[in-house]
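Some notes on the structure that comes next.
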Amino acid sequence: MNIDFVSLKAFLTVVDTESIRAASDNLNLSISAVSRRISELEIEFGQQLFTRHSRGVEITEAGRLLAAHTRETFATLGLMCSDMEKLKAGDIGRVMISANGSSLVNGLARHIREFLDAHPNVAVDLQEQLTPDILQHVAGGSTDIGFVSNTMRLPEGVTTYPYCSDKLVLAVAATHALADLESVRFSQMLEFQVIGVSETSSLTRLLRKVGGMANSGFSYSYMASTNEIARTMVANNLGIAVLPEQFVVPYTDMLPIRAIPIAEEWAHREISMVIRSGEEISGPARAFFDWICKMNTDQEIMQR
């Protein structure tokens, strides 16, 4: 069917004003242009939409049916335009987030909850992943925003922004020989069995790098799949483990473990928010990105 929205708008205006002349004034179209568009609609549908008389026009049954559908169509178009604007502004939609465990326990989980409370029509798809996988997914476009530890070389096509700091500690059993130390250095760990967390994690790679720089011949005795598993193994005195502070300290009253500060610079990591470089992210992703930036700015102001 060859129907355009201008003709439908002209038709509805004639219906509402009951006059082709009045419709032409409202639409800033000539009387002949409005009349022609009505005639084209009547030809298209093969039915008369108005009865013409000296006082104006009177709508027919076919005209009333078309008017009802046309109003629904314009209402739907209005909702479509409104939703597209809301999506662009980040008021509705979905944002894909990939985050490592350290970012989640250092405030991200809370920030996501606060964002969802403030943006009830935005959904968040969250996946906990290792930093190498997060970087790959952000660069490849399957994730809008990632949260990673700054201990790895960044791939091309991504840009990072500061999010928070993360402190690493040495987790040991309460009865371990190191349990009473006020702080520990990497060289002191080498005497004991060390538990690693996932061979491809940024933390595992960091410790291998530290061990290589120290020419220590460092190696892991066990490899756990998650920080939680490594913490459980430590509690059962199977070895010691370097873990993010927030995975250890909150559990020292529940488990027979201790968190020993590491007195070396490498134990202080920065966690960054990462997005694709040179590419505009979606409205919902931009809204979340701006929310996180605002949270960090407000926190800096409070700390001054």
Side-chain angles (χ1 to χ4, degrees), residues 98-106 108-109 127-137 146-155 164-181 183-252 254-272 274:
S98 294
N100 66 359
S102 295
S103 64
L104 288 168
V105 298
N106 277 286
L108 180 58
Q127 287 189 328
E128 181 191 356
Q129 296 176 324
L130 300 177
T131 289
D133 297 327
I134 296 171
L135 291 172
Q136 180 180 352
H137 290 157
F147 290 84
V148 300
S149 298
N150 288 7
T151 54
M152 295 183 56
R153 182 179 178 181
L154 297 176
C164 69
S165 297
D166 180 36
K167 185 187 297 183
L168 298 175
V169 298
L170 182 67
V172 301
T175 57
H176 195 274
L178 300 176
D180 294 328
L181 294 182
S183 65
V184 65
R185 301 186 67 84
F186 181 79
S187 58
Q188 294 173 275
M189 305 178 197
L190 301 178
E191 303 176 29
F192 305 96
Q193 291 186 316
V194 181
I195 302 167
V197 180
S198 182
E199 188 63 49
T200 59
S201 72
S202 61
L203 178 53
T204 295
R205 296 184 182 190
L206 172 62
L207 286 182
R208 290 196 186 281
K209 180 179 178 181
V210 171
M213 294 175 64
N215 296 318
S216 63
F218 169 78
S219 63
Y220 288 104
S221 300
Y222 303 104
M223 189 63 66
S225 59
T226 66
N227 290 322
E228 292 82 1
I229 295 298
R231 186 178 63 214
T232 300
M233 293 173 70
V234 169
N236 284 277
N237 211 10
L238 292 176
I240 61 177
V242 175
L243 297 173
E245 182 180 42
Q246 292 303 314
F247 278 99
V248 183
V249 172
Y251 300 90
T252 54
M254 295 179 283
L255 296 172
I257 58 175
R258 297 289 183 269
I260 311 300
I262 300 173
E264 292 179 325
E265 186 177 350
W266 59 265
H268 295 267
R269 302 186 301 175
E270 294 299 320
I271 295 177
S272 294
V274 57

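Keep in mind that what you see is a predicted model, and the values were worked out from it rather than measured.
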Side-chain donor/acceptor of T232 to backbone N/O of E228, under 3.5 Å: yes

A179 to V172 - nearest heavy-atom pair and separation: CA-CG2, 3.8 Å

Distance, nearest 0.5 Å, that separates CD of E245 from OG of S102: 11.0 Å

Least distance between heavy atoms, A171 atom then V248 atom: CB-CG2, 4.0 Å

Name the atoms and distances for all side-chain donor-acceptor pairs under 3.5 Å in residues 204-211, with sequence neighbours left out.
residue : atom : partner : partner atom : Å
T204    : OG1  : V197    : O            : 2.8
T204    : OG1  : S198    : O            : 2.8
T204    : OG1  : S201    : OG           : 3.0
R205    : NE   : T200    : O            : 3.4
R208    : NE   : E199    : OE2          : 3.0
R208    : NH2  : E199    : OE1          : 3.2
R208    : NH2  : E199    : OE2          : 2.9

Separation of L181 CG from R258 CZ (nearest 0.5 Å): 12.5 Å

Nearest non-hydrogen partners of L203 and Y220, listed with the distance: O-OH, 4.2 Å

Short side-chain to backbone donor-acceptor contact, R269 and N150, under 3.5 Å: no

Whether R231 side chain and F247 backbone form a donor-acceptor pair below 3.5 Å: yes

Value rounded to 0.5 Å, distance of CD1 in I134 from CZ in F147: 9.5 Å

CG on L243 to CD1 on I262, rounded to 0.5 Å: 9.0 Å

Closest heavy-atom pair and its distance - V242, W266: CG1-CZ3, 4.2 Å

Pairwise distance CD1(I240) to CG(L178) - rounded to 0.5 angstrom: 6.0 Å

For the student: nearest non-hydrogen atoms of N237 and H176, plus distance: OD1-CD2, 3.9 Å

Distance-only polar pair, side chains of N100 and S149, donor-acceptor under 3.5 Å: yes

Between CG on residue D180 and CD1 on residue I260, distance to nearest 0.5 Å: 7.5 Å

Non-hydrogen atoms of M189 and V184 that approach each other most closely: CE-CG1, 4.2 Å

Any L238 side-chain heavy atom under 4.5 Å of Q193 side chain: no

